[in-house]
Amino acid sequence: MPPRPRIKLVTFDALHTILKPRFPISVQYARVFEPYLGPLDVGRVQASMKSAIRSMQKEKPVYDGGAVGWWHAVIQKTALGAGANPEATAKHLDEIASRLMRVFTSKEGYSTFNDTIDTFKQLRENGVKLAVISNADSRMHNVLKDLALTEYLDAVVLSEDIRIAKPDAMIFREALARVNVATSSNIQNQEMLHVGDELDCDYHGAKNAGMNALLLRRPLEDEEGSEDVAVLSGVQIVTSLGAVALQIE
């Protein structure tokens, strides 16, 4: 088997890969809801939010109609599904949504993992180009800037901006093209590595686009990152971002 070409570009998913909610998202939602809707059970908020997001992803993929309206609908569905009073929800929805949108537009809502900055620095010192590929809306640009990550990145590709979402191969190819333009490079598919925490969107998406991929599985993750062992057969897994740098040295 011929050796793998040297990796010249590493792209990263954003949420749960290089950054995380400062507090569990369901907790932050419940805190914002409480002054307007009274206390809601965090477990019910979490379950309702997951259902609301799945519903909106089917109804309006890649934030069709705009992220503000999309998230207003998610927030409304989440509150009602968690048992909030419909009249109170309708009355205060704009205030609640405005507050939550602000929280998740900056480091107020997010923080980096302990290994993110060090890994970025190490890869840059080794001459590797870096980019982010995320199914987030355009607020992620400000989040990355507020967390001082933008200075390390050659491109940021978000699904709302280009109307394409992972695992579509086109979003990975768009990131590669943007990095090549921004850095006057000629990096090829096989010289790109994508790292993310979602098996289908990140790992298989990148593989199907002709790129290399690593699936990130941090220790002590919650149940959302769990798959059957058979499903992960043959999948290349790392447990930290530091391991990514070691993989391509």
With a 4.5 Å heavy-atom cut-off, do K107 and R22 have their side chains touching?
yes

side-chain contact (heavy atoms from CB on, under 4.5 Å) between D13 and K166, intermediate numbers included:
CA-CA 10 Å; D13 172 48; K166 296 178 294 181; 2.9 Å; yes

Is there a continuous path of hydrophobic side-chain contacts, each under 4.5 Å between heavy atoms, that joins Y29 to V32?
yes

Are N189 and E191 linked by a side-chain donor-acceptor pair shorter than 3.5 Å?
no

Is there a side-chain contact between R218 and D115 in this structure, where contact means two heavy atoms from C-beta onward sitting under 4.5 Å apart?
yes

Between I171 and S134, what is the shortest heavy-atom contact and its length?
CD1-O, 4.4 Å

Whether the side chain of N135 engages the backbone of S159 through a donor-acceptor N/O pair (distance < 3.5 Å, no angle test) should be reported.
no

Going by heavy atoms in the side chains, are L216 and V244 under 4.5 Å from each other?
no

Test side-chain contact (heavy atoms from CB on, under 4.5 Å) applied to I25 and F104, step by step:
CA-CA 9 Å; I25 293 176; F104 293 107; 4.2 Å; yes

Pair E174, D161 - check side-chain contact (heavy atoms from CB on, under 4.5 Å), show working.
CA-CA 11 Å; E174 177 67 18; D161 293 343; over 6 Å; no

Inspect the contact between R124 and D154 and indicate whether a charged nitrogen and a carboxylate oxygen are less than 4.0 angstrom apart.
yes

Heavy-atom pair with the smallest gap, counting every atom of A155 and R178:
CB-CB, 4.1 Å

Mind telling me whether Y36 and H92 have parallel, tilted or perpendicular rings, with 30° and 60° as the class edges?
tilted

If hydrophobic clusters are built from ILVMFWY residues whose side chains come within less than 4.5 Å, do L37 and M49 share one?
yes

Verify the neighbour count for atom NZ of K207: are there more than 12 heavy atoms of other residues, nucleotides or ligands below 6.0 Å?
yes

Do L214 and L193 touch side chain to side chain, with heavy atoms closer than 4.5 Å?
yes

Looking only at heavy atoms, which two atoms of L158 and A136 are closest? And how far apart?
CB-O, 3.7 Å

Does the N126 side chain pair with the main chain of V128, one donor and one acceptor, at a distance under 3.5 Å?
no

Without swapping roles, check the side chain of W70 against the backbone of K60 for a donor-acceptor pair under 3.5 Å.
yes

How far apart are the closest heavy atoms of Q236 and A213, and which atoms are they?
OE1-O, 3.9 Å

Any link between I18 and F23 through a network of hydrophobic side chains (Ile, Leu, Val, Met, Phe, Trp, Tyr) touching at under 4.5 Å?
no

Looking at every heavy atom in both A148 and I117, which two are closest together, and how far apart are they?
O-CD1, 4.1 Å

Keeping Q188 on the side-chain end and N186 on the backbone end, is there a donor-acceptor pair under 3.5 Å?
yes

Under 3.5 Å, is there a donor-acceptor pair between the side chain of E160 and the main chain of S138?
yes

Atom pair CD1/OG of I75 and S98 - distance to nearest 0.5 Å:
9.5 Å

Could you check whether atom CG of N114 has more than 12 heavy atoms from other residues, nucleotides or ligands sitting under 6.0 Å from it?
no

How many angstroms lie between NE2 in H72 and CE in M56, if you round to the nearest 0.5 Å?
11.5 Å

Please check this pair: side chain of T78 against backbone of V45, looking for a donor-acceptor N/O pair closer than 3.5 Å.
no

Connected via hydrophobic side-chain network under 4.5 Å: F172 and M170
yes

Before giving the answer on side-chain contact (heavy atoms from CB on, under 4.5 Å), spell out for F113 and T119 the whole-Å C-alpha distance, their side-chain angles and the decisive distance to 0.1 Å.
CA-CA 10 Å; F113 285 99; T119 299; over 6 Å; no

Within 6.0 Å of CD in E87, more than 12 heavy atoms from elsewhere
no

Answer yes or no: is there an ion pair linking R99 with E95, defined by an N-O contact shorter than 4.0 Å?
no

Taking all heavy atoms of L80 and all of P86, pick out the closest pair and write down the distance.
CD2-CA, 3.6 Å

CD of Q122 to CG of L246: how many Å apart, nearest 0.5 Å?
6.5 Å

Judged by atom type as modelled, is there a donor-acceptor pair below 3.5 Å linking the side chain of Y110 to the main-chain atoms of L144?
no

So, do K129 and M192 sit near enough that their side-chain heavy atoms are less than 4.5 Å apart?
no

Quick one: are R163 and D64 in side-chain contact, heavy atoms under 4.5 Å?
yes

Are the side chains of F120 and L130 in contact, using a 4.5 Å heavy-atom criterion?
yes

I need the M140 CE to L15 CG distance, nearest 0.5 Å.
6.0 Å

Please check if the side chain of N208 supplies one atom and the backbone of H204 the other of a donor-acceptor pair under 3.5 Å.
yes

Interatomic distance, CG@D94 vs CD@Q76, rounded to 0.5 Å, equals 10.0 Å

Once rounded to the nearest 0.5 Å, what's the spacing between atom CD1 of I133 and atom CG of D202?
8.5 Å

Decide whether V195 and L19 are clustered together by the hydrophobic rule: side chain heavy atoms of Ile, Leu, Val, Met, Phe, Trp, Tyr closer than 4.5 Å, transitively.
yes

Output yes when a side-chain donor or acceptor of S185 lies under 3.5 Å from a complementary backbone atom of I187, and no otherwise.
no

S106 and R102: side chain donor to acceptor below 3.5 Å
no

If you measure from the Lys or Arg side-chain nitrogens to the Asp or Glu carboxylate oxygens, is any gap between K20 and D197 under 4.0 Å?
no

Give a yes or no answer on whether the side chain of N212 reaches the backbone of Q190 with a donor-acceptor pair at less than 3.5 Å.
yes

Pairwise side-chain contact, I248 with L123, heavy-atom cut-off 4.5 Å (strictly under)
yes

Residue from V10, L176, T11 passing side-chain contact (heavy atoms from CB on, under 4.5 Å) with H194
T11

